[in-house]
4 protein chains.
Amino acid sequence: MQVPPEPKPRWERRKDARPQELLAAALGQFVERGFAATRLEDVARRAGVSKGTLYLYFENKEELFKAVVREHIVNAIGAAEQTVAEFDGHSGELLRAILMRWWDQIGATELAGITKLMMAEANNFPDLAQFYNVEVIERGNRLISSVLVRGIARAEFRPHDTEVMTAVLTAPVLMLMMWTHSFLPCDMSALDPQAYMEAFIGMALNGLLPPGANVA
Amino acid sequence: MQVPPEPKPRWERRKDARPQELLAAALGQFVERGFAATRLEDVARRAGVSKGTLYLYFENKEELFKAVVREHIVNAIGAAEQTVAEFDGHSGELLRAILMRWWDQIGATELAGITKLMMAEANNFPDLAQFYNVEVIERGNRLISSVLVRGIARAEFRPHDTEVMTAVLTAPVLMLMMWTHSFLPCDMSALDPQAYMEAFIGMALNGLLPPGANVA
Amino acid sequence: MQVPPEPKPRWERRKDARPQELLAAALGQFVERGFAATRLEDVARRAGVSKGTLYLYFENKEELFKAVVREHIVNAIGAAEQTVAEFDGHSGELLRAILMRWWDQIGATELAGITKLMMAEANNFPDLAQFYNVEVIERGNRLISSVLVRGIARAEFRPHDTEVMTAVLTAPVLMLMMWTHSFLPCDMSALDPQAYMEAFIGMALNGLLPPGANVA
Amino acid sequence: MQVPPEPKPRWERRKDARPQELLAAALGQFVERGFAATRLEDVARRAGVSKGTLYLYFENKEELFKAVVREHIVNAIGAAEQTVAEFDGHSGELLRAILMRWWDQIGATELAGITKLMMAEANNFPDLAQFYNVEVIERGNRLISSVLVRGIARAEFRPHDTEVMTAVLTAPVLMLMMWTHSFLPCDMSALDPQAYMEAFIGMALNGLLPPGANVA
DNA sequence: CATGAATGAGACTTCATTCAT
DNA sequence: AATGAATGAAGTCTCATTCAT
């Protein structure tokens, strides 16, 4: 016999769902306007609540932003770390998989706006920068680096400085996110992200192969 | 015989110099704070004039910013176009030269802050975005593309979509500028620009070579 | 034979105790922060209930405050009136007793904070001022005055305007309360209340004695 | 021949007078409402300027308040110090003079509201309390104490602890100020300040005289 | 009885822009 | 040409009070 999960009264369900709704609204607004230019009143309106309600759930604007990042970005990194740990094949394929997945799950979504926002405003909000650096950047870089180290160890990549190469390899992806959320929305020069990613990864893998392994 | 241009009295020369001083002050402030966060009062103080004086020379904040861009960025592109037109050698070398020069003359200087600023705030200031896109981005992209076209035509590069590859190739440089003016000042992970540029260009040229031309 | 009042079941006793707990919490918060600056949320938290509960027992902030005053201050005055009625000795001793008792039972306790609060905020909350004036001030003044009248009648005090002298005599005590709850907490100049009260009463009694009765 | 003082242009005169106007408006508003309850917008309206103008002259609300105190209170103390230094007569007369003058120049004026305000809100604004304690209270107390010391030295006062007595003697004056700006405005019990001061000073001087010197 | 989520008016503070001098 | 005083809209955050559950 099934005991249906006791349905919470609407009012309480509301309470539980509220933070998610607020975070979703905040994400949208932050992505559209940036951190400084986002008005909490707009976030509230977007979530269908009053200004004051935001402060029931988040201490202030910065904490609201951090919550958005934790909710949407930090989790995704954990999943990627899992993938790397379990992968069993050519490091070039692993690198391709990780980068494409980064693009697909973050870069191609609204979330890329957060990455762009951080690059754009880190300077003006040192606390946020510190937070994001620890929770996202350093952790993400470690992930990419580990793939490069693996590739070199297995003689699938030519030897190189993996720290620097990590910066080089992440740059085009980051840049594509930036691009997508800066000039592209002003409907300037169209740019096909898939083609861009393919071109970049093709070139990169090619450039990483050990001497003599270059192929068409 | 040449008649030397009558030397202006000092106070009048000062009058002519005034806009330059204002632009220099504005550049510094924009780079440090970004467009929105720059207060005209700070620009004025930095230039040693009053707030009102700014409005004698520039209609408003946006026009002041455009003037900064014209003064410092647009000119540099013209010079680079010259270089390309006159170059006579392997396209890989030309590409390397153009990219390194971009880095040295813009990326490594205060001016990179403008590039970063535009990526960061284009969304919030569509007029600026439009202006910058026409005057800087499209023109700069045409320059890189022309080098790729040249390389393919001379069979020095493998065939590829030059538009996309331009985006890919500019990304790491742009990204390094962004980086330098976003997280690095918060003294996070140090990153050696020279090493970064070398790694990137090395990889890129390697990846662009025609099949079979790969070398150590 | 007395039939003891039927003992209420525990949960109901708790119900009866609830207002007392709320008043205690309110007293503490009002004393610490003042009337305007006290947040009902803090009162509620301090009492271990929710904000809404306060409104079940008290119509609003002002009524809550009035209840605190009635509970803690008004009662004390009644007791003092009793003492005066029953006293049988030199009026100087009676005055000393009343003043010392006022200090010991109110001034030296948390309750002095209410006196201070009223002086501080009467102006901004005329309704509270009116209430406090009738329930506390006028009644208290009548008490002191009656002692002075008694002293003059018995030729134990020199003749004087008892209304004015009441104000003069209450001033140092009131001031000590104010002091204790304004600058002293900021740990400024220490001041020994006992010494202060002794000095004041000694001087006052001395000043009140009939001509020729001055003693060391 | 008289050279009329060159009349400043209206605009500049305005600038010079502006801070005084603002301080006057602020004084009035602070006295009427207290510190926390004073809205800067009201101060501005009272001075006939816009809200923003206040911030041209004073960094924030606290600095505005400090400026009011410096302008109106601190100066008065200096003058009183002068009087004491120059006085040549019985210390009782000096004490009477100082206290009456304090009342006349501060207590009976709008400025008493500042004294009341500080007692009322010192607790909630520790920075202001600190400032006021150093600039006003300690300095004022030193002044009174010095008179008592003088009186004892000249055998015009009975020996006593001058620190404590200073607190006792200032209390009635302070209290009268408090009174005037707390309950009296609510037009409660009238109280004649002159009679109050006379009664207090008479009693106090009487109480301070050396043993045996008591007179009618 | 009790809860606590929600509201919304209102406070301080900032800054691009104007304009009398 | 230059000043700098003045404006006022806008943004973050607070809190007494209400009300559905």
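A, B, ... follow the sequence lines: proteins, then strands. Residue 1 opens every chain.
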Determine whether a donor-acceptor pair (N or O, by modelled atom type, separation under 3.5 Å) exists between the side chain of D:Lys66 and the backbone of D:Lys61.
no
Give the rounded distance in Å between these two atoms: [atom1] of [X] and [atom2] of [N].
X	N	atom1	atom2	value
D:Leu56	F:dG8	CG	P	13 Å
B:Leu54	F:dT3	CG	P	10 Å
D:Asn124	F:dT14	CG	C1'	15 Å
A:Phe58	F:dT12	CZ	P	16 Å
D:Phe65	E:dC12	CZ	P	15 Å
C:Arg45	F:dC15	CZ	P	11 Å
C:Arg33	F:dT14	CZ	P	14 Å

Go through the steps for D:Leu64 and D:Leu40 under the test side-chain contact (heavy atoms from CB on, under 4.5 Å), then give the verdict.
CA-CA 10 Å; D:Leu64 172 60; D:Leu40 290 191; 4.0 Å; yes
Expected output check: what is the dot-bracket annotation of DNA chain E, where ( ) and [ ] are pairs inside the strand (brackets for crossing ones), | is paired with another strand, and pairs are Watson-Crick or G-U under 3.5 Å?
.||||||||||||||||||||
Per-nucleotide protein contact string for nucleotides 13-18 of chain E, where B marks a base within reach and S marks sugar-phosphate only (heavy atoms under 4.0 Å, - for neither)
BBSBBB
Tell me, do B:Phe125 and B:Gln130 make a side-chain contact under 4.5 Å, heavy atoms counted?
no
Student check: side-chain heavy atoms of C:Tyr132 and C:Thr115 closer than 4.5 Å
yes
Point-to-point distance, once rounded to the nearest 0.5 Å, from CD of D:Glu110 to CZ of D:Phe30:
12.5 Å
Please determine whether side-chain contact (heavy atoms from CB on, under 4.5 Å) holds for the pair B:Val136 and B:Ile114, giving the CA-CA distance in whole Å, both sets of side-chain angles, and the decisive distance to 0.1 Å.
CA-CA 11 Å; B:Val136 178; B:Ile114 296 296; over 6 Å; no
More than 12 heavy atoms of other residues, nucleotides or ligands under 6.0 Å from CD of B:Glu59: is that the case?
no
Run the salt bridge (Lys or Arg N to Asp or Glu O under 4.0 Å) test against C:Arg46 and tell me which residues pass, sequence neighbours left out.
C:Glu32
